[in-house]
Amino acid sequence: MPPVTEDTITELAQQRWATAHDPRLAEVMTSLVRHLHDFAREVRLTEAEWANAIRWLQATGDISDAKREEFILASDVLGLSMLVVQMNHRFEAEATPATVLGPFHIDDSPHLGFGADMSDGLPGEPLYVHGVVRDLDGKPIAGAVLDVWQADGDGAYESQLDVDEARLRAKYTTAEDGSYCVRTIAPLGYAIPMDGPVGDLIGRTDISYYRPAHVHFLIDVPGHERLITHLFQEGAEYLDTDVVFGVKSELVVGFAAHEPGPTPDGGESSTPFLTARYDFVLQPVREL
Ligand code: BEZ
Ligand code: FE
């Protein structure tokens, strides 16, 4: 082995990692070594800064658990999550675009019927989100499951609170004609968790740490790309500065205000309510 110097270390480290048994791991690790070394050279990383960075990573791991995914949050605010989503979901222009999953999805939400209320009496403006799930040819998809979740009026997700019951999350199944109807409360913009290492870092910048009002959707239909996305309220604050870069214009939807009367699920409301109409268009899985 040649002597280890500032000039040879990168090549030596890359050679070692190129021995990874899986060729893809070898490719990823050698590239990571090259970029890390280039980064350290470019910013002339000091030992104190290196130690701070290690402590920050340590704290990010320490605060993380099944309910709090601080590394995902870090990836989100760095724009890395959205970059990875966009590279891996290059859908047709007519298909509903994908965005970040975020750290607050829970797998086992309860199944609710057409138009059933997932807000379960929580305070807020009643909102119906309704439309059709269809494919790129316009064919409605029956039996598609929409996994839906959102934050409460304080910007908190169920997984951030000490509650056992499902709260502001549910799975809805499309009817024979592909239609769905979610009854919830109007979402509000909220701050990402700022009490951890990510918040600590953001607090030292001018970055807005808010997300615009949104509802999350995950739709997984065989033969189609799994769609993870959100709908955002038109005119909401922070649409232009979303801290996780998740907004796409195609996902911004108007919320129409209604007086008491018939609702999109065929029922009747005795109080004023909002509606948002959106058709989800799924991208077929590409044949290899
Ligand atoms: C969310 O919308 O749930 C979210 C996404 C990314 C980071 C933080 C929150
Ligand atoms: Fe959210």
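With Ser119 as reference, Ile185 is the one residue of Val182, Ile185, Asp152 to meet the side-chain contact (heavy atoms from CB on, under 4.5 Å) rule. Each of Asp108, Asp107, Leu218 was scored for a side-chain contact (heavy atoms from CB on, under 4.5 Å) with Asp147, with one residue passing: Leu218.
Side-chain contact between Ser269 and Pro126 is absent, with no heavy-atom pair separated by less than 4.5 Å. Counting only heavy atoms from C-beta outward, the side chains of Arg211 and Val244 approach each other to under 4.5 Å. The closest side-chain heavy-atom distance from Glu234 to Val253 is not below 4.5 Å. Between Leu274 and Tyr128, the closest side-chain pair of non-hydrogen atoms is not below 4.5 Å. Tyr209 places none of its side-chain heavy atoms less than 4.5 Å from the side chain of Pro193. The shortest side-chain heavy-atom distance between Arg169 and Pro110 falls under the 4.5 Å cut-off. Between His258 and Thr275 the shortest side-chain heavy-atom distance falls below 4.5 Å. Side-chain contact between Leu12 and Met1: present, with at least one pair of heavy atoms (C-beta onward) separated by less than 4.5 Å.
For the pair Leu78 and Phe245, the tightest heavy-atom approach, listed with the atom from each and the gap, is C-CE1, 4.3 Å. Contact between Thr10 and His37 at its shortest, heavy atoms only, is OG1-ND1, 2.8 Å. Between Ile207 and Thr205 the shortest heavy-atom distance is N-OG1, 3.0 Å. When every heavy atom of Thr241 is checked against every heavy atom of Ser208, the shortest pair comes out as OG1-OG, 3.9 Å. Across every non-hydrogen atom of Asp120 and Asp117, the tightest pair is N-OD1, 3.6 Å. Taking each heavy atom of Met118 and Thr184 in turn, the nearest pair found is CE-OG1, 3.7 Å.
Here the straight-line distance linking atom CZ of Arg34 with atom CG of Leu32 works out to 10.0 Å at 0.5 Å rounding. Atom NE2 of residue His214 and atom CG of residue Leu239 lie 11.0 Å apart, to the nearest 0.5 angstrom. Distance check: Asp220 CG to Leu146 CG gives 11.0 Å after rounding to the nearest 0.5 Å. Note: Glu47 CD to Leu45 CG = 9.5 Å, rounded to the nearest 0.5 Å. Expressed to the nearest 0.5 Å, how far CD1 of Ile219 lies from OH of Tyr180 amounts to 7.5 Å. Distance CD/Gln86 to CZ/Arg90: 9.5 Å, rounded to 0.5 Å.
Between the side chain of Glu70 and the backbone N or O of Val198 there is at least one donor-acceptor pair closer than 3.5 Å. Thr30 places a side-chain N or O within donor-acceptor distance of the main-chain N or O of Glu27, the cut-off being under 3.5 Å. In this structure a side-chain-to-backbone donor-acceptor pair under 3.5 Å is missing from Thr174 to Val133. Checked by atom type and distance alone, the side chain of Thr96 pairs as donor or acceptor with a backbone atom of Val281 at under 3.5 Å. Gln283 places a side-chain N or O within donor-acceptor distance of the main-chain N or O of Glu92, the cut-off being under 3.5 Å. Within the 3.5 Å criterion, the main-chain N or O of Ala156 finds no donor-acceptor partner in the side chain of Asp154. A donor-acceptor distance shorter than 3.5 angstrom exists from the side chain of Asn88 to the backbone of Val84, with no hydrogens or angles considered.
Aromatic ring orientation, Tyr157 versus His216: perpendicular (interplanar angle above 60°, classes split at 30° and 60°). Between Phe232 and His230, the ring planes lie parallel to each other; the angle is under 30°, not in the 30° to 60° tilted range.
If you look at Phe217 and Tyr278, their ring centroids are not closer than 6.0 Å. Ring centroid separation for the pair Tyr190 and Tyr210 does not come in under the 6.0 Å cut-off. A distance of 6.0 Å or more separates the ring centres of Phe114 and Tyr172.
Donor-acceptor pairing under 3.5 Å is recorded for the side chains of Thr263 and Asp265. Using modelled atom types, one finds a donor on one side chain and an acceptor on the other under 3.5 Å when comparing Glu49 with Thr46. A side-chain donor-acceptor contact under 3.5 Å links Ser81 and Ser75. A donor-acceptor pair shorter than 3.5 Å cannot be found between the side chains of Ser179 and His130.
When the shell of 6.0 Å around CZ of Arg41 is examined, it contains more than 12 heavy atoms from other residues, nucleotides or ligands. Counting non-hydrogen atoms of other residues, nucleotides and ligands closer than 6.0 Å to CZ of Arg277 gives a total above 12. Atom CH2 of Trp56 sits in a crowded spot, with more than 12 heavy atoms from other residues, nucleotides or ligands closer than 6.0 Å. Other residues, nucleotides and ligands contribute at most 12 non-hydrogen atoms within 6.0 Å of the CG atom of Asp240. Within a 6.0 Å sphere centred on CD of Glu268, heavy atoms belonging to other residues, nucleotides or ligands number more than 12.
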Just do the side-chain contact (heavy atoms from CB on, under 4.5 Å) check on Val132 and Asp177 with the steps written out, would you? CA-CA 8 Å; Val132 168; Asp177 61 356; over 6 Å; no
Practice item. List the steps, then state whether side-chain contact (heavy atoms from CB on, under 4.5 Å) holds for His224 with Asp135. Key: CA-CA 8 Å; His224 296 82; Asp135 67 16; 3.7 Å; yes
Using side-chain contact (heavy atoms from CB on, under 4.5 Å), reason through Arg167 and Leu122 one step at a time and then give a plain yes or no. CA-CA 9 Å; Arg167 199 165 173 276; Leu122 284 170; 3.7 Å; yes
**OP:** I would like to know whether Leu112 and Lys171 meet side-chain contact (heavy atoms from CB on, under 4.5 Å); could you show each step before the answer?
**Re:** CA-CA 6 Å; Leu112 290 185; Lys171 290 179 177 167; over 6 Å; no
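Phe91 and Val100 are members of different hydrophobic clusters when ILVMFWY side chains are connected at heavy-atom separations under 4.5 Å. By the criterion of side-chain heavy atoms lying less than 4.5 angstrom apart, applied directly or through intervening Ile, Leu, Val, Met, Phe, Trp or Tyr residues, Phe280 is not grouped with Ile228; the two fall into different hydrophobic clusters. Note: the hydrophobic cluster containing Trp17 does not contain Val28 (ILVMFWY, side chain heavy atoms under 4.5 Å, direct or indirect links). Linking ILVMFWY side-chain heavy atoms closer than 4.5 Å, directly or via other members, places Val215 and Leu251 in a single hydrophobic cluster. A continuous path of ILVMFWY side-chain contacts below 4.5 Å connects Phe255 to Leu231, so both sit in one hydrophobic cluster.
Every residue was checked against the salt bridge (Lys or Arg N to Asp or Glu O under 4.0 Å) condition with Glu250, not counting sequence neighbours, and none meets it.
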